Every structure is written in C-alpha cells, then in structure tokens.
Amino acid sequence: MSQEVEIEFKNMLTEKEYQQLNNSLFASSKSFTQTNYYFDTPSEALKQAGMGLRLRKLKDKNECTLKVPTDNPHSYLELTDNLTDEQMKDSLENLSIPSASEAAKYLRSKDIDPTALDFIGDITTIRKEVNLQDTQLLVLDESQFQDGIVDYELEMEVSDISNSEELFNSLLREHGITHRPSKKKVARMIAYKQDISQG
C-alpha cells in the first residue's frame, strides 16, 4: 500500500505537438502501455465528491488507486494498493474492490459501499516519461478511448509545488505549445461518450 500526494500540471496537445515532443524531449525514452478501468457508484457519489477510482493494469503489476482531492486544485491524495492477477480479475468481474484495500477503507469511512460499483469505461494509454530534475517527472501520453477516440497530453508531476506551474508554462512556451489545461482522463472519457450519444 502507498499513500502519497500527487501534484501535477497537465496540458492537452494536438497530434502535431505530440509528435514534436515525442521526437525531441522524449526521443530516448521507451514507451510502455497501461490500461485504466474506471468505476463510480450507481449514484455517482465519487464524481460528486471529486474523487476518482481506477484499476490499472501494467505489464508486470496491477493497482487499485483512489484519488481524493485536496485544497490545491493541482494535487490529489492517492491511495494505492497492488493487486494480484486474481484480485484484478475478481474486481473487474464483480464490480468491487478488495475489502482490505486502502481505497475500500476510505470509501467506507465516507459511507460509500466499495462492493456496489458501476463500470464507467476503460482507457489504454501509451506513455513515455523523462526526468527533468529529481523533483520533476515529465509524462507524454497518447490515450486510446472507446469508439476509436485518441487524444494527447503532456503532464508534469512534481514533489514541490513552488515555481512548478511557472516552469510548466515556460516549457509550453519554449516548444510553441498552446496553453490548454486538461481535465482528468475519466472526465474526458465521459465527455467523449456524451458527444457520441448526442451526435
């Protein structure tokens, strides 16, 4: 189990901007793939509380993470547990998370049942990472949503928020990237689904 405060700055990219960064800042970085499965309660209690619950499948591990908002709009408290392949399979099939996980304990403390969840959808992301400094991780994402939708995003994860937003914005300007603050992936997925259903 891990518990940490994640501080990040995010910006949407065009495909051209993505390729530009991929060929410059991330040229020597190897990509890896991860699939996130997102959940909420039938009454959307997590969405209303600004929380996000996901199961993540990587090549060599599985995770259950609950993101809880903090007072800072750029940071979240992350409660993460590693899951076995069997736990991952069980969670996906039964729409529940392990009762002993930190996420489940937190949800129960907020009177939210972690065993009665709705599956929202899944996103597969091809990711590259590069360290700018010891305290700054730059992340380049190509995310593949359902219905063939693809989007591109740049993130900077930091351990110290001081001057970090200024540094991120300076990086965008340096590479001629338009400032487009991005929403969480799960929020984008829901918006894409709504656009399709209305179109």
Side-chain angles (χ1 to χ4, degrees), residues 1-10 31-127 129 137 139 141-147 149 151 153 155-159 161 182-194 197:
M1 186 278 294
S2 70
Q3 180 173 323
E4 64 180 2
V5 175
E6 179 188 62
I7 306 171
E8 61 183 13
F9 300 90
K10 307 169 75 169
S31 64
F32 62 93
T33 300
Q34 60 189 31
T35 300
N36 290 344
Y37 303 88
Y38 293 92
F39 298 85
D40 203 338
T41 68
S43 63
E44 297 187 334
L46 301 184
K47 179 181 177 182
Q48 293 170 20
M51 293 188 284
L53 177 64
R54 72 171 183 231
L55 300 180
R56 171 172 286 176
K57 187 166 189 62
L58 292 143
K59 182 179 179 180
D60 55 354
K61 67 176 180 177
N62 309 305
E63 296 175 339
C64 172
T65 298
L66 178 68
K67 286 192 173 189
V68 181
T70 68
D71 292 336
N72 188 300
H74 294 291
S75 69
Y76 284 84
L77 173 64
E78 286 195 349
L79 306 173
T80 299
D81 288 271
N82 290 324
L83 303 182
T84 65
D85 288 342
E86 185 177 345
Q87 287 175 316
M88 184 76 168
K89 182 174 181 289
D90 184 67
S91 291
L92 291 173
E93 289 180 350
N94 297 308
L95 301 182
S96 65
I97 56 175
S99 60
S101 67
E102 290 303 307
K105 292 175 185 176
Y106 186 90
L107 291 176
R108 286 195 296 269
S109 77
K110 300 299 180 182
D111 295 322
I112 297 174
D113 185 358
T115 65
L117 301 171
D118 276 350
F119 175 63
I120 303 173
D122 60 85
I123 305 168
T124 296
T125 297
I126 302 169
R127 171 166 288 188
E129 298 178 343
L137 177 70
V139 179
D141 282 348
E142 174 186 333
S143 294
Q144 302 167 354
F145 299 78
Q146 292 158 325
D147 301 303
I149 295 172
D151 72 16
E153 182 179 27
E155 297 182 15
M156 187 174 74
E157 298 177 4
V158 299
S159 57
I161 200 166
S182 57
K183 296 179 180 178
K184 292 183 292 187
K185 286 182 177 65
V186 63
R188 303 203 307 270
M189 178 179 64
I190 293 170
Y192 293 147
K193 282 185 173 182
Q194 289 174 343
S197 65

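What you see is a predicted model, and the numbers here were worked out from it, not measured in a lab.
A donor-acceptor distance shorter than 3.5 angstrom exists from the side chain of Arg108 to the backbone of Ser99, with no hydrogens or angles considered. Of the possible polar contacts, none joining the Ser31 side chain to the Arg127 backbone as a donor-acceptor pair under 3.5 Å is found. Formation of a donor-acceptor pair under 3.5 Å by the Gln87 side chain with backbone atoms of Asn62 is not found in this model. Remark: the backbone N or O of Cys64 is not paired with any side-chain donor or acceptor of Asp81 at under 3.5 angstrom. With Asn72 contributing its side chain and His74 its backbone, the two residues share a donor-acceptor pair below 3.5 Å. Here the side chain of Asn36 pairs no donor or acceptor atom with the backbone of Ile123 at under 3.5 angstrom. Using modelled atom types, one side-chain atom of Lys193 and one backbone atom of Ile120 make a donor-acceptor pair closer than 3.5 Å.
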Should Arg56 and Thr65 be marked as a side chain to side chain contact (heavy atoms under 4.5 Å, CB included) after you check the CA-CA gap, both sets of side-chain angles, and the distance that decides it? CA-CA 8 Å; Arg56 171 172 286 176; Thr65 298; 6.0 Å; no

One pair to check against side chain to side chain contact (heavy atoms under 4.5 Å, CB included): Met51 and Ile112. What are the steps and the verdict? CA-CA 12 Å; Met51 293 188 284; Ile112 297 174; 3.8 Å; yes

Begin from the C-alpha positions of Asp85 and Lys57 and carry the test side chain to side chain contact (heavy atoms under 4.5 Å, CB included) through to its verdict. CA-CA 9 Å; Asp85 288 342; Lys57 187 166 189 62; 4.1 Å; yes

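The side-chain heavy atoms of Lys10 and Val139, taken from C-beta on, include no pair separated by under 4.5 Å. In this structure the side chain of Lys184 never reaches within 4.5 angstrom of the side chain of Ile190, judged on heavy atoms. Annotation: side chain of Tyr106 is not in contact with side chain of Gln3 (no heavy-atom distance under 4.5 Å). Inter-residue side-chain proximity for Phe39 and Val186 is flagged as unmet; no heavy-atom pair is nearer than 4.5 Å. The shortest distance between side-chain heavy atoms of Thr125 and Lys185 falls below 4.5 Å. You'll find the side chain of Leu117 stays beyond 4.5 Å of the side chain of Asp40, heavy atoms only.
Applying the 6.0 Å contact sphere to CG of Asp71 captures no more than 12 heavy atoms from other residues, nucleotides or ligands. Residue Lys47 places its NZ atom among 12 or fewer non-hydrogen atoms of other residues, nucleotides or ligands, all under 6.0 Å distant.
Of all non-hydrogen atoms in Gln48 and Ser43, the two that sit nearest each other are NE2-O, 3.0 Å. Heavy-atom minimum distance, Asp122 versus Tyr37: CB-CD2, 3.6 Å. Residue Asp118 comes nearest to Pro42 through the heavy atom pair OD2-CA, 3.2 Å, listed as atom of the first residue, atom of the second, then distance. The heavy-atom pair separating Ala103 from Leu66 by the smallest distance is CB-CB, 3.7 Å. Residue Pro69 comes nearest to Gly50 through the heavy atom pair CD-O, 3.4 Å, listed as atom of the first residue, atom of the second, then distance.
We find the NZ-CG distance between Lys67 and Leu46 to be 13.5 Å, quoted to the nearest 0.5 Å. Taking CD1 of Ile97 as the reference point, atom CG of Asp90 lies at 12.0 Å (rounded to 0.5 Å). Met189 CE to Gln146 CD: the interatomic distance, rounded to the nearest 0.5 Å, is 6.5 Å. The CD1 atom of Ile126 sits 4.5 Å away from atom CD of Glu142, with the distance rounded to the nearest 0.5 Å. For the atom pair Ser143 OG and Gln34 CD, the distance stands at 8.0 Å (nearest 0.5 Å). Annotation: the span from Glu63 atom CD to Leu83 atom CG amounts to 8.5 Å, rounded to 0.5 Å.
Ring planes of Tyr192 and Phe145: perpendicular class, angle over 60° (limits at 30 and 60°).
Salt bridge Glu86/Lys89: absent, no basic N to carboxylate O contact under 4.0 Å.
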